[in-house]
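To keep things clear, I will list the structure first and then write my remarks on it.
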2 protein chains.
Amino acid sequence: MVKIKDIAEACQVSIGTVSKALNRSHEISEETTRKIIKKANELGYVANSNARSLKTKRSYSLGIIYFDSTNSGLEHEYFSVMLNGIKKEAEESGYDVVLISNKIGGLKNSYLSHAKYRGCDGVIIVSADFKNPKITTLVESDLPTVTIDHLFHNRTSILSDNVKGLETIVEYLHDKGHKKIAFIHGEDTEVTRNRLASFYRTCQKLKLDIPDSYIKEAQYHIPKYSGLATRELLALEDRPTCIIYPDDYSYLGGLTEIEKHKLKIGEDISVVGYDGIYLSRVLRPVLTTYVQDSNKIGMMAARKLIEMIENPKTYIPEQVVISGYLQQGKTVKTLNSL
Amino acid sequence: MVKIKDIAEACQVSIGTVSKALNRSHEISEETTRKIIKKANELGYVANSNARSLKTKRSYSLGIIYFDSTNSGLEHEYFSVMLNGIKKEAEESGYDVVLISNKIGGLKNSYLSHAKYRGCDGVIIVSADFKNPKITTLVESDLPTVTIDHLFHNRTSILSDNVKGLETIVEYLHDKGHKKIAFIHGEDTEVTRNRLASFYRTCQKLKLDIPDSYIKEAQYHIPKYSGLATRELLALEDRPTCIIYPDDYSYLGGLTEIEKHKLKIGEDISVVGYDGIYLSRVLRPVLTTYVQDSNKIGMMAARKLIEMIENPKTYIPEQVVISGYLQQGKTVKTLNSL
DNA sequence: TTGTAAGCGTTATCAG
DNA sequence: CTGATAACGCTTACAA
């Protein structure tokens with residue numbers, strides 16, 4: 001592995017000079033710089049980021065912390081699109097992206113130590129489980145941090161507009177004449193609490209009286225559970241006319257169940273999803289769902305984190321809300337005929 | 001940031017002793033080790049991987065090189081599931097995953113230099129474009145490398161069984177009585193060439209005579225292009241009875257076109273996809289497609305790479321073929337009635 | 001404009 | 001079993 005010293009010898013200059021030339025310092029004459037760069041290329045020199053970071057305390061890398069119980073989070077389109085957004089934006093500014101694990105040398109570490117260990121300049125936290133102490137210690141540390149879909153005190157977070165999301169959905173359903181609206185929500189997270197609160201508030205505003213039996217919990221992204229919840233809803237004496245699902249995948253569990261009951265979607269029963277993944281558009285009937293712009297969420301997270309890293313003194317924590325929109329598919333029936 | 005030296009001072013021992021104790025060296029007495037570890041925890045010590053890597057020349061990180069023209073590769077389920085497989089396996093062995101970009105400090109670099117720069121112990125190459133010199137220089141280097149879906153001389157690669165895939169599909173269609181089989185294939189890559197060769201070979205074996213007009217090219221993952229190809233196929237005087245698509249997404253482009261022609265899938269025209277993404281199972285009718293086990297491909301890539309890294313002397317390059325299977329959906333009509 | 005040398009936080013060798 | 005010390009490859013005052 002050729003290093004600065006080799007170039008120095010080959011060019012008959014000192015290593016300091018080489019280092020400066022390679023970093024395009026104006027201290028060094030153009031001629032020497034040119035000579036050094038030429039030789040570096042000839043020898044196939046590649047800098048060593050470990051040595052550099054050790055000295056400069058900057059790594060130009062962003063850590064991504066993803067933590068979910070199923071260990072398959074990256075597979076979900078909401079996250080993979082977000083990750084792609086993060087990567088694109090990071091790349092733009094010359095940062096690499098490190099997927100932080102919590103094991104090193106066989107020993108479990110907190111994410112905090114691990115991100116520090118790796119020397120990441122900052123960390124994006126995308127977690128389903130913000131109550132986990134592994135996560136919280138990180139946020140409380142001095143490492144620049146951006147959280148997604150979760151608010152921490154005095155920290156930057158990028159938030160999908162869950163409140164507006166549920167409000168939009170409920171108002172839309174109300175416009176269409178629905179009064180008996182069921183809501184299958186995901187497990188207890190900040191996102192879920194926001195959606196649920198917004199659901200209730202909007203129903204109250206519109207004078208919709210929702211019985212407790214219309215509210216079910218089913219883990220996100222697991223169709224089976226939403227299927228079970230759907231079955232319970234369909235078994236009710238006073239069936240809802242519409243079911244809101246925790247996410248588009250979960251709707252598929254409901255779909256199976258609804259088909260079993262020989263009900264026609266958008267006709268005998270209406271449904272609404274959440275996320276607006278590609279799937280929702282290619283299903284027939286096209287799913288009515290609230291589209292989250294996860295690409296933008298990812299890009300914004302990376303951009304804000306980099307801002308924070310590069311302007312530690314002047315940066316002020318902020319909450320960025322990325323808004324989505326309602327995709328009007330064919331799964332909601334118009335009940336009133338205006 | 002507390003370092004080894006601080007612990008040494010606090011414990012009244014030398015830094016060498018601390019280093020050894022922290023690495024559980026048996027050179028150090030149990031008592032001293034215990035004392036040092038206790039103090040390290042108290043002080044919130046976190047090792048510095050940059051310093052460590054600088055010395056040991058090992059980073060416990062795997063680079064992932066993804067390169068595609070659309071810059072949205074990670075969004076495809078085939079890749080996101082693969083990435084998740086890589087991550088899970090890497091984590092198991094205490095490695096982190098770095099998404100290698102090709103820009104650093106605003107300057108474009110080859111992936112090779114960049115992976116070396118980052119000090120990755122090895123690299124997994126998942127690329128749509130193996131002809132790109134940025135990629136080839138990497139493979140020709142001394143860095144441990146695993147390629148996915150592409151064979152390099154004397155290198156380890158993980159391959160999806162594209163040959164068996166097309167063979168299985170064509171034989172299945174032949175069994176069902178199809179003789180007029182069209183094949184829309186992706187852009188020219190090794191994967192495509194394998195599939196195409198296998199398609200032709202199997203047709204020959206089964207004495208199926210396929211006119212050139214039945215073979216179309218359409219970029220992977222872009223429904224629109226497969227839609228156009230589908231339109232051309234449907235316009236033929238002697239229409240095919242079945243169309244094989246480059247991937248499940250691309251089928252959706254075909255779907256739209258077929259619907260425009262008021263043809264019923266699985267009835268008036270048969271279709272087969274490739275990949276077996278989640279979508280294929282929830283579409284109605286369920287898509288007949290060849291399922292690739294991309295999770296396993298990812299896991300195997302990471303596992304082999306780590307083997308190579310940890311046993312550089314004894315490791316022998318190998319080609320690992322991960323086999324898939326045919327998912328018999330409802331999109332292929334039985335033409336013969338046996 | 002260039003050179004010198006200290007030091008970033010570790011590990012590893014060798015001596016005690 | 002423990003300590004001293006020389007690297008690892010680079011950046012950066014400071015000196016020349």
Side-chain angles (χ1 to χ4, degrees), chain A residues 1-37 39-40 43-61 104-105 107 109 113-121, chain B residues 1-37 39-40 43-61 104-105 113-121:
Chain A
M1 199 100 293
V2 23
K3 52 196 170 186
I4 259 188
K5 200 179 156 203
D6 303 323
I7 304 175
E9 279 165 12
C11 291
Q12 309 264 46
V13 293
S14 76
I15 59 168
T17 305
V18 175
S19 172
K20 286 170 195 158
L22 255 19
N23 289 310
R24 307 292 191 278
S25 161
H26 281 188
E27 278 182 43
I28 306 298
S29 77
E30 256 195 45
E31 201 197 324
T32 324
T33 303
R34 215 178 10 250
K35 187 176 69 183
I36 288 174
I37 289 177
K39 187 57 87 179
L43 299 178
Y45 169 75
V46 178
N48 179 323
S49 77
N50 287 132
R52 179 177 290 170
S53 299
L54 184 57
K55 191 72 191 138
T56 61
K57 309 205 174 304
R58 288 282 271 109
S59 67
Y60 286 91
S61 69
I104 192 73
L107 299 168
N109 271 289
S113 357
H114 200 82
K116 279 193 181 170
Y117 169 72
R118 276 290 173 209
C120 296
D121 295 331
Chain B
M1 198 100 295
V2 24
K3 52 196 170 185
I4 260 187
K5 200 177 156 207
D6 302 323
I7 304 174
E9 279 164 13
C11 292
Q12 308 265 46
V13 293
S14 75
I15 58 166
T17 305
V18 174
S19 172
K20 284 170 197 157
L22 255 19
N23 289 310
R24 309 290 192 280
S25 159
H26 281 188
E27 276 182 47
I28 306 297
S29 77
E30 254 195 48
E31 200 198 324
T32 323
T33 302
R34 215 177 12 248
K35 185 177 68 183
I36 289 174
I37 290 177
K39 187 57 86 178
L43 299 178
Y45 169 75
V46 178
N48 179 322
S49 78
N50 287 131
R52 179 179 290 169
S53 298
L54 184 57
K55 191 71 190 142
T56 60
K57 309 203 173 306
R58 290 279 273 107
S59 67
Y60 286 92
S61 70
I104 192 76
S113 356
H114 200 82
K116 278 192 181 170
Y117 169 71
R118 276 288 172 210
C120 297
D121 294 331

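Note on naming: letters A, B, ... go to the chains in the order of the sequence lines (proteins, then strands), and numbering restarts at 1 for each one.
Taking each heavy atom of B/L43 and B/V2 in turn, the nearest pair found is O-CG1, 3.1 Å. Residues B/I7 and B/A40 approach most closely at CD1-CB, 3.7 Å, considering heavy atoms.
Atom P of nucleotide C/dG7 and atom CD1 of B/I4 are separated by 18 Å, given to the nearest angstrom. As rounded to whole Å, 9 Å separates atom P of C/dG7 from atom NZ of A/K55. The interatomic distance linking B/D6 (CG) with C/dG9 (C1') rounds to 10 Å, in whole Å. B/L22 has its CG atom 11 Å from the C1' atom of C/dT10, to the nearest Å. At whole-Å resolution of the value, NZ in B/K5 and C1' in D/dA4 are 14 Å apart. Rounded to an integer number of Å, the gap from OH of A/Y60 to C1' of D/dT11 is 13 Å. To the nearest angstrom, C1' of D/dG9 lies 6 Å from CG of A/N48. Protein atom CZ of A/R24 is 16 Å distant from nucleotide atom P of D/dT12, rounded to whole Å.
Rounded to 10°, the angle separating the first-five-pair axis and the last-five-pair axis of the helix from C/dT1-D/dA16 to C/dG16-D/dC1 equals 40°.
Proximity of a side-chain donor or acceptor of A/S49 to a complementary backbone N or O of B/Y117 within less than 3.5 Å is detected. Checked by atom type and distance alone, the side chain of B/T33 pairs as donor or acceptor with a backbone atom of B/S29 at under 3.5 Å.
No contact: B/N50 has no heavy atom under 4.0 Å from any strand. Across all strands shown, B/V46 has heavy atoms under 4.0 Å from sugar-phosphate atoms exclusively, and none from any base.
To the nearest 0.5 Å, the span separating CG on B/N50 from CZ on A/R58 amounts to 12.5 Å. Note that OH of B/Y45 and NZ of A/K116 are 12.5 Å apart. Values are rounded to the nearest 0.5 Å.
Residue B/N23 places at least one side-chain N or O closer than 4.0 Å to OP1 or OP2 of C/dT11. Remark: B/S49 is not in phosphate contact with C/dT10, judged by side-chain N or O atoms under 4.0 Å from OP1 or OP2. Distances shown here put a side-chain N or O of A/Y45 below 4.0 Å from the OP1 or OP2 atom of D/dC10. Side-chain nitrogen and oxygen atoms of A/T32 include at least one within less than 4.0 Å of the OP1 or OP2 phosphate oxygen of C/dT2.
The residue among B/H26 and B/K57 whose nearest nucleotide of DNA chain D lies closer to the 5′ end is B/H26. Taking the nucleotide of DNA chain C with the nearest heavy atom to each of B/T17 and B/L54, the more 5' of the two is matched to B/L54.
Using a 4.5 Å heavy-atom threshold, the side chains of A/I37 and A/R24 count as touching. The closest side-chain heavy-atom distance from A/D6 to A/K3 is below 4.5 Å. Contact of the A/K35 side chain with the A/K39 side chain is not registered, since no non-hydrogen atoms from C-beta on lie closer than 4.5 Å.
In the set C/dT10, D/dT11, C/dG3, the nucleotide with an atom closest to the side chain of A/S19 is D/dT11.
A/R34 and A/E30 are joined by a salt bridge, as a carboxylate oxygen and a charged side-chain nitrogen come within less than 4.0 angstrom of each other.
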Output a table of nitrogen or oxygen pairs between the protein and nucleotides 13-16 of chain D separated by less than 3.5 Å.
unit_1, atom_1, unit_2, atom_2, d
D/dA13, N6, A/K20, NZ, 3.4

